[in-house]
Amino acid sequence: MILLIDAGNTRVKWGLFGDGAWHDEGALEHAHVGDLAAVAAARPDIARVFGSNVAGGSVAEAIALALHGRAPAPEWLRSSAACCGVRNAYDNPAQLGTDRWAALIGARALHPAACLVINAGTATTVDLLDADGLFRGGLILPGEHLMRRSLARDTAQLPFAEGRFDAAPRNTADAIVSGCLNAQAGAVERMFRHIAGEPRALCLLSGGGADALAELLAIPFRRVDNLVLKGLAVAATQPDAP
């Protein structure tokens with residue numbers, strides 16, 4: 001059994017993977033990452049802990065402390081020039097966030113054709129993956145919730161909006177929510193143009209903000225839960241895994 005961990009900006013997601021199948025999964029706020037101790041205690045058959053961490057050293061230390069004496073020490077994915085059928089065209093491959101790298105690996109395993117890999121969370125990432133497995137590059141933009149929060153924080157008269165999407169908003173709350181969602185969808189659709197003419201081109205859409213974004217997209221997409229964890233499962237089990 002492998003305990004896979006996706007330590008993101010807001011939450012730590014985890015999954016138990018073994019014999020080619022998922023056995024359990026969950027998510028924890030950073031303040032409650034100690035609850036991983038109970039996860040590990042309930043599964044003494046955990047033989048490896050493997051993950052992606054973009055949350056920083058303190059979260060990594062908290063995870064290691066929670067698992068100490070209950071599971072093997074965590075191993076962390078490193079972005080590289082190539083892994084599991086994906087080649088990394090970043091100027092400095094090691095600079096690519098490991099969550100993005102894991103999502104690209106997962107995307108390649110799920111859809112071996114040209115695809116746009118989207119993770120809509122605290123930040124939204126939009127990454128181009130060619131049919132031959134070349135990651136060509138991508139975008140990072142504030143997630144929809146972060147966009148709304150920045151408007152409330154950095155403007156004098158705009159609130160944190162709890163509106164709804166409208167094609168032509170007629171109140172401020174709806175105008176903010178609609179503007180932020182349109183910004184997300186517009187970035188995705190503009191990037192999709194790079195691969196739109198390729199056979200079976202598809203968006204793979206993951207993350208906590210994926211459902212709201214999916215309602216606006218006028219391009220082919222597939223909703224994939226926990227794409228980072230799925231990629232980690234591939235990286236942990238393929239022959240060329242680190």
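Because only heavy atoms are used, hydrogens play no part in the values below, and waters and symmetry mates are left out as well, while side chains stay in. Only a predicted model underlies this, so the values are computations on that prediction, with no experimental measurement involved. Residues take their numbers from the sequence shown, with the count starting at 1.
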**Prompt:** Taking all non-hydrogen atoms of both residues, which atom of Ala55 and which atom of Gly8 are closest, and how far apart?
**Reply:** CB-O, 3.3 Å

**Message:** Any heavy-atom pair between the side chains of Cys115 and Leu128 that's under 4.5 Å?
**Reply:** no

**Message:** Do Leu213 and Phe221 make a side-chain contact, defined as non-hydrogen atoms from C-beta onward lying under 4.5 Å apart?
**Reply:** no

**Asked** For Ala82, does its backbone N or O pair with a side-chain atom of Asn88 as donor and acceptor, under 3.5 Å?
**Response** no

**Item:** Atom CG of Asn92 with >12 non-hydrogen neighbours under 6.0 angstrom
**Value:** yes

**Request:** Report yes if some heavy atom in the side chain of Leu3 is under 4.5 Å from a heavy atom in the side chain of Phe50; otherwise report no.
**Result:** no

**Request:** Might you confirm whether atom CZ of Arg223 has over 12 heavy atoms from other residues, nucleotides or ligands at distances under 6.0 Å?
**Result:** yes

**Asked** Would you say the side-chain atoms of Lys230 pair up with the backbone N or O of Ala102, donor to acceptor, closer than 3.5 Å?
**Response** no

**Message:** Applying side-chain contact (heavy atoms from CB on, under 4.5 Å) to Glu75 and Arg48, what does each step give before you reach the verdict?
**Reply:** CA-CA 8 Å; Glu75 304 168 54; Arg48 187 181 184 191; 3.0 Å; yes

**Message:** Given 3.5 Å as the limit, does a donor-acceptor pair link the side chain of Asp45 with the main chain of Met1, or not?
**Reply:** no

**Request:** Answer yes or no: is there a donor N or O on one side and an acceptor on the other, between the side chain of Ser206 and the main chain of Leu227, under 3.5 Å?
**Result:** yes

**Prompt:** Is the backbone N or O of Asp174 less than 3.5 Å from a side-chain atom of Asn171, with the two atoms forming a donor-acceptor pair by type?
**Reply:** yes

**Complete:** dist Leu104:CG -> Cys84:SG (nearest 0.5 Å) comes out at 11.5 Å

**From CD1 (Ile118) to CZ (Arg222), nearest 0.5 Å** = 13.0 Å

**Message:** Please determine whether a side-chain nitrogen of the Lys or Arg among Lys13 and Glu25 lies less than 4.0 Å from a carboxylate oxygen of the Asp or Glu.
**Reply:** no

**Asked** Using 4.0 Å as the upper bound for N to carboxylate O, is an ion pair formed by Asp132 and Arg87?
**Response** yes

**Message:** Could you go through Val12 and His30, starting from their C-alpha distance and side-chain angles, then the distance that decides it, and tell me whether this counts as side-chain contact (heavy atoms from CB on, under 4.5 Å)?
**Reply:** CA-CA 6 Å; Val12 172; His30 287 177; 3.9 Å; yes

**Prompt:** Does the pair Val126 and Leu141 meet the rule for a side-chain contact (heavy atoms from CB on, under 4.5 Å), with working shown?
**Reply:** CA-CA 9 Å; Val126 187; Leu141 61 153; 4.1 Å; yes

**Message:** Does any part of the side chain of Leu204, heavy atoms only, come nearer than 4.5 Å to the side chain of Leu116, both counted from C-beta?
**Reply:** no

**Item:** Pair Thr98-Ser79, side-chain donor/acceptor within less than 3.5 Å
**Value:** no

**Atom pair CD1/CZ of Ile219 and Arg190 - distance to nearest 0.5 Å** = 12.5 Å

**Asn119 vs Thr124 side-chain heavy atoms within contact, under 4.5 Å** = no

**Prompt:** Got a second to check how far Asp127's CG is from Leu139's CG, nearest 0.5 Å?
**Reply:** 8.0 Å

**Fill in**
In terms of heavy-atom contacts, Ala173 and Ala161 come closest through O-CB, 3.6 Å

**Request:** Examine distances only and state if a side-chain atom of Ser150 and a backbone atom of Met147 form a donor-acceptor pair shorter than 3.5 Å.
**Result:** yes

**Asked** Do any N or O atoms from the side chain of Gln184 and from the backbone of Pro142 form a donor-acceptor pair under 3.5 angstrom?
**Response** yes

**Cluster overlap Leu202 with Leu216, hydrophobic side-chain contacts below 4.5 Å** = no

**Prompt:** Do Leu205 and Leu181 share a hydrophobic cluster, counting only Ile, Leu, Val, Met, Phe, Trp and Tyr and linking them when any side-chain heavy atoms are less than 4.5 Å apart?
**Reply:** no

**Message:** Could you see if Val86 belongs to whatever hydrophobic cluster contains Leu4? Use Ile, Leu, Val, Met, Phe, Trp, Tyr and a side-chain cutoff under 4.5 Å.
**Reply:** yes

**Asked** Should Ile2 and Trp22 be regarded as members of a common hydrophobic cluster, given that ILVMFWY residues are connected when their side-chain heavy atoms come within less than 4.5 Å of each other, either directly or indirectly?
**Response** yes

**Asked** When rounded to the nearest 0.5 angstrom, what distance separates CZ in Arg153 from CG in Leu158?
**Response** 13.0 Å

**Asked** Is Val117 reachable from Leu96 through a run of hydrophobic residues whose side-chain heavy atoms are each under 4.5 Å from the next?
**Response** yes

**Prompt:** Once you round to the nearest 0.5 Å, how far does SG of Cys180 lie from CG of Leu146?
**Reply:** 9.5 Å

**Item:** Student check: side-chain heavy atoms of Arg148 and Val177 closer than 4.5 Å
**Value:** yes

**Prompt:** With side chains defined as the heavy atoms from C-beta onward, is the minimum distance between Pro93 and Ser80 less than 4.5 Å?
**Reply:** no

**Request:** Indicate yes or no: at least one non-hydrogen side-chain atom of Ser52 is less than 4.5 angstrom from one of Trp101.
**Result:** no

**Message:** Using a 3.5 Å distance criterion without hydrogens, assess whether the side chain of His23 forms a donor-acceptor pair with backbone atoms of Gly18.
**Reply:** yes

**Request:** For His111 and Arg200, indicate whether the former's side chain and the latter's backbone hold a donor-acceptor pair under 3.5 Å.
**Result:** yes

**Asked** Checking Arg108 side chain against Leu129 main chain: does a donor-acceptor pair fall under 3.5 Å?
**Response** no

**Request:** For side-chain contact (heavy atoms from CB on, under 4.5 Å), just list the numbers for Ile46 and Leu16, CA-CA rounded to whole Å, side-chain angles, deciding distance to a tenth of an Å, and then say yes or no.
**Result:** CA-CA 8 Å; Ile46 293 173; Leu16 287 165; 3.9 Å; yes

**Item:** Ion pair Glu189/Arg193, N-O distance below 4.0 Å
**Value:** no

**Asked** Does the pair Tyr90 and Arg100 meet the rule for a side-chain hydrogen bond (donor to acceptor under 3.5 Å, both in side chains), with working shown?
**Response** CA-CA 12 Å; Tyr90 234 41; Arg100 294 170 70 191; 3.0 Å; yes

